[in-house]
There are 2 protein chains.
Amino acid sequence: MSASAEKVDVFQAIADPTRREVLRLLAEKELPISAITSHFPISRTAVVKHLHILADADLVTGHKVGREKIYRLHPGPLTEVKQWLSFYEQFWNNKLSMLKHLVETDGDTALTIVQSEPDQTRK
Amino acid sequence: MSASAEKVDVFQAIADPTRREVLRLLAEKELPISAITSHFPISRTAVVKHLHILADADLVTGHKVGREKIYRLHPGPLTEVKQWLSFYEQFWNNKLSMLKHLVETDGDTALTIVQSEPDQTRK
DNA sequence: ATGATATAACACCTTTTGGTTTTATGTAAA
DNA sequence: TTTACATAAAACCAAAAGGTGTTATATCAT
């Protein structure tokens, strides 16, 4: 519920490389707009727009100190991304990923496991 | 190195809700374009564009079988997102996050811990 | 061969995005 | 009280995003 309160999706907020870089900067320490701007080749106005988007996604918060507006990282919403990702981790954590997921979620799957006899041709 | 080979950033690829839904569908099983389209209220052409973006981000692969083009999930590039996220996990895993990160990464930080004298005005 | 199906390739449209410059406002310092 | 600084707000712009419809091509089934 900042100035705009327009609810930006966190996935969209982190889609832009400049905004990700802003988050990285703020991870080190909170910074006023001018300090953030000095790290980029773009105008202050453009940086402010990015900050508003990040604020609307609740990824940063800003508070005024004197004539400066200090922005601070607020990483909470990133948990949504983490949760989303966790669903896909099963697909690279083991080779049987697809099959495993099918078995676990689709009760109607008729899955026949063919148990091979021990190889008696050897020895 | 698909048809377009235009290298789409994975963060941008997953920014769109429709594309995330496509990934979720393909997580269950590989599907032809028509089957994917039937899950959305948008045109086939629009779906194909989303698939191309996902393919350019290497998140899906497509192969032709007869007259159908079958798309399959290829979750590998999501590790990039996971790595990016892991950097920020420290910020919600413990309360001292900001300070801890500063101490660990900035060797030049002159951090003075002011040890207060026991309060002798009391008692 | 013919017709239905599945995709591909275009051309086009509207809204959003990421950027600019300009103008105004509040605060600190001389 | 000027002057400089830091931000805010507004108008504007080009390009990209997300969508549409049309047309063409390849394949499967009759």
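Just so it is clear: chains get the letters A, B, ... in the order the sequence lines come, proteins before strands, and each one is counted from 1.
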ask   = Any sub-3.5 Å donor-acceptor pair from B:R72's side-chain atoms to B:H63's backbone N or O?
value = no
Gap between atoms CD1 and P, on A:I14 and C:dT17 respectively (whole Å) = 15 Å
request  = Check whether any side-chain N or O of A:Q12 sits under 4.0 Å from OP1 or OP2 of C:dT16, and answer yes or no.
outcome  = no
query = Per the atom types in the model, does the base of C:dT21 pair as donor or acceptor with the side chain of A:T45 at under 3.5 Å?
reply = yes
ask   = Which whole-number value in Å describes the distance from B:H50 NE2 to C:dT7 C1'?
value = 17 Å
task = With heavy atoms under 4.0 Å as the rule, sort B:S34 into base, sugar-phosphate or nothing.
result = sugar-phosphate
message = Counting only side-chain nitrogens and oxygens, does B:S43 get under 4.0 Å of the OP1 or OP2 atom of D:dG19?
response = no
message = Would B:R20 pass as a cation-pi partner of A:F11, given that its NZ or CZ must be under 6.0 Å from the six-membered ring centre and within 45 degrees of the axis?
response = yes
ask   = Are any side-chain N or O atoms of A:Y88 and backbone N or O atoms of B:R24, one a donor and one an acceptor, separated by less than 3.5 Å?
value = yes
request  = Please report, rounded to the nearest Å, how far the P atom of D:dA10 is from the NE2 atom of A:H52.
outcome  = 11 Å
message = Closer than 3.5 angstrom, by distance alone: can the side chain of B:H74 be matched with the main-chain N or O of B:D58 as a donor-acceptor pair?
response = yes
request  = Write down the distance between NZ (B:K49) and P (D:dA17), rounded to a whole number of angstrom.
outcome  = 11 Å
inquiry  = By nearest heavy atom, map A:T18 and B:I70 onto DNA chain C; which one lands nearer the 5' end?
reply    = B:I70
5′-ward residue of the pair A:D16/B:A35 relative to DNA chain C = B:A35
Heavy-atom donor-acceptor pair, B:S43 side chain to B:A46 backbone, under 3.5 Å = yes
ask   = Which nucleotide in the set C:dT27, D:dA8, C:dA4 lies at the smallest distance from any side-chain heavy atom of B:R67?
value = C:dA4
query = Starting at CD of B:E68 and ending at C1' of C:dA4, how long is that distance when rounded to a whole Å?
reply = 14 Å
task = Nearest whole angstrom, please: distance from the C1' of C:dG26 to the NZ of A:K69.
result = 14 Å
query = What is the distance from CZ of B:R44 to P of C:dT7, rounded to the nearest Å?
reply = 4 Å
task = Give the rounded distance in Å between these two atoms: NE2 of B:H63 and P of C:dT7.
result = 12 Å
